[in-house]
Amino acid sequence: MTLRRRIFSFAFAISMLTMPVTLMAQGRHNVQEERDSTRLFRGIAVSYDLAGTVMRMVSDYGQYEAALRVNLRDRYFPIVEVGLGDANHKTDLVTNVACKVSAPYGRIGLDLNMAKNKHDDYRIYVGARYGFTSFVTEVGGIAKDPYWGNVTDFTYDMRRCNFHWFELAFTVDGKLWGPVRLGWSVRYRKDIHKTDLGADNLWYVPGYGKYGNKIGATFNVTFEI
């Protein structure tokens with residue numbers, strides 16, 4: 001037997017001996033990936049919206065909001081958001097409206113992780129929410145004295161309203177350090193039902209925002225377990 005044939009035979013024998021080990025390792029790797037992708041519960045996360053708090057500090061309305069999100073297979077994320085909406089808008093000559101309200105609200109929905117690698121530290125969500133709040137708002141205006149010309153604030157209505165709305169959400173967040181994540185969300189809002197037919201003149205709705213503004217945003221700091 002020539003030297004070339006001996007080398008070929010030796011290489012062939014080695015490959016045949018190592019093939020079962022390679023196949024077993026590959027099989028274990030595939031099983032591990034399959035288990036990772038099919039495990040249902042992957043954890044929970046709690047978050048707080050910093051944007052709503054800052055808005056309330058620098059303007060006449062805002063919200064204090066926290067959320068609980070459940071991770072299912074790193075792809076599906078049911079979420080519950082609860083908060084307190086607060087506004088104290090003074091009457092001015094431009095809007096001719098005053099509004100004072102403080103009430104809780106809630107949303108429930110689902111986010112879908114659209115990232116190509118669903119296990120990555122960075123996620124891109126698209127999702128939907130159903131929101132509800134029940135509140136009493138004190139609505140007022142201004143009165144101008146026809147003789148003296150003085151302008152005076154006055155309250156003319158205490159209005160109760162049950163308000164339902166729908167949201168579409170686009171969210172991006174990423175891992176900052178350990179269990180801490182940061183992200184932002186842009187929302188499109190649409191009211192779907194309100195019990196008070198006079199609510200078309202509302203200035204602010206807790207959880208929804210300034211009535212008539214369909215676009216909103218949040219900036220969340222999240223602790224993931």
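Computed from a predicted structure; not experimentally measured.
- Nearest heavy atom pair, residue P206 against residue G85, reads CB-CA, 3.9 Å.
- Following chains of ILVMFWY side-chain contacts shorter than 4.5 Å, one cannot reach V54 starting from Y64, and the two form parts of different hydrophobic clusters.
- D191 places no side-chain N or O within donor-acceptor distance of the main-chain N or O of H193, the cut-off being under 3.5 Å.
- Between T133 and P104 the shortest heavy-atom distance is OG1-O, 2.8 Å.
- At least one side-chain heavy atom of N88 sits less than 4.5 Å from a side-chain heavy atom of K90.
- Checked by atom type and distance alone, the side chain of N213 never pairs as donor or acceptor with a backbone atom of I215 at under 3.5 Å.
- At distances below 3.5 Å, not a single donor-acceptor pair connects side-chain atoms of R107 with backbone N or O atoms of Y130.
- Remark: D74 CG to N113 CG distance equals 7.0 Å, nearest 0.5 Å.
- No single ILVMFWY cluster, assembled from side-chain heavy atoms under 4.5 Å apart, contains both V58 and Y204.
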Fill in: Test log, rule side chain to side chain contact (heavy atoms under 4.5 Å, CB included), inputs C161 and T137
CA-CA 8 Å; C161 181; T137 181; over 6 Å; no
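- R187 CZ to W165 CH2: the interatomic distance, rounded to the nearest 0.5 Å, is 10.5 Å.
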Worksheet item: Hey, mind stepping through R160 and E138 against salt bridge (charged side-chain N to carboxylate O under 4.0 Å, His left out) and telling me if it holds?
Response: CA-CA 9 Å; R160 172 171 290 279; E138 182 179 305; over 6 Å; no
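- To the nearest 0.5 Å, atom NZ of residue K190 and atom CD1 of residue I192 are 10.5 Å apart.
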Fill in: Worked check of side chain to side chain contact (heavy atoms under 4.5 Å, CB included) between N117 and Y122
CA-CA 9 Å; N117 178 10; Y122 298 92; over 6 Å; no
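- A donor atom on one side chain and an acceptor atom on the other are found under 3.5 Å apart for T218 and N220.
- For A67 against E81, the heavy-atom pair with the smallest separation is CB-CG, 3.7 Å.
- Residues N71 and R123 meet the side-chain proximity criterion, which asks for heavy atoms closer than 4.5 Å.
- Checking side-chain atoms of T195 against main-chain N and O of N162 turns up a donor-acceptor pair under 3.5 Å.
- I79 and Y48 end up in different hydrophobic clusters when Ile, Leu, Val, Met, Phe, Trp and Tyr side chains are linked at under 4.5 Å.
- Both V180 and L68 are assigned to one and the same hydrophobic cluster, defined by single-linkage of ILVMFWY side chains at heavy-atom distances under 4.5 Å.
- Judged as a ring pair (Phe, Tyr, Trp, His ring centres under 6.0 Å), and not counting sequence neighbours, the contacts of Y125 are F77.
- Atoms CG and CG, on L110 and L72 in that order, are 8.5 Å from each other to the nearest 0.5 Å.
- The side-chain heavy atoms of Q63 and Y105, taken from C-beta on, include a pair separated by under 4.5 Å.
- Ring-centre distance between W203 and Y61: below the 6.0 Å cut-off.
- The aromatic ring centres of F163 and F135 sit 6.0 Å or more apart.
- A salt bridge is defined here as a Lys NZ or Arg NE, NH1 or NH2 lying under 4.0 Å from an Asp or Glu carboxylate O, and R56 with E65 fails to meet this definition.
- With contacts defined as side-chain heavy-atom distances shorter than 4.5 Å, the pair V221/S47 does not qualify.
- Note that CG of D121 is 9.0 Å distant from CD of E224, once rounded to the nearest 0.5 Å.
- A salt bridge links D111 with R129; the closest basic N to acidic carboxylate O contact falls under 4.0 Å.
- Distance alone, capped at 3.5 Å, places no donor-acceptor pair between the R39 side chain and the R42 backbone.
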Practice prompt. Check the pair R181 / L176 against side chain to side chain contact (heavy atoms under 4.5 Å, CB included), numbers first and verdict last.
Written response: CA-CA 5 Å; R181 305 177 65 89; L176 179 64; 5.9 Å; no
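- Y76 OH: 12 or fewer foreign heavy atoms inside a 6.0 Å radius.
- For the pair D49 (side chain) and F219 (backbone), a donor-acceptor distance under 3.5 Å is present.
- The hydrophobic clustering, which links ILVMFWY residues whose side-chain heavy atoms are closer than 4.5 Å, places W184 and M114 together.
- Between the side chains of Y208 and E167, no donor N or O sits under 3.5 Å from an acceptor N or O.
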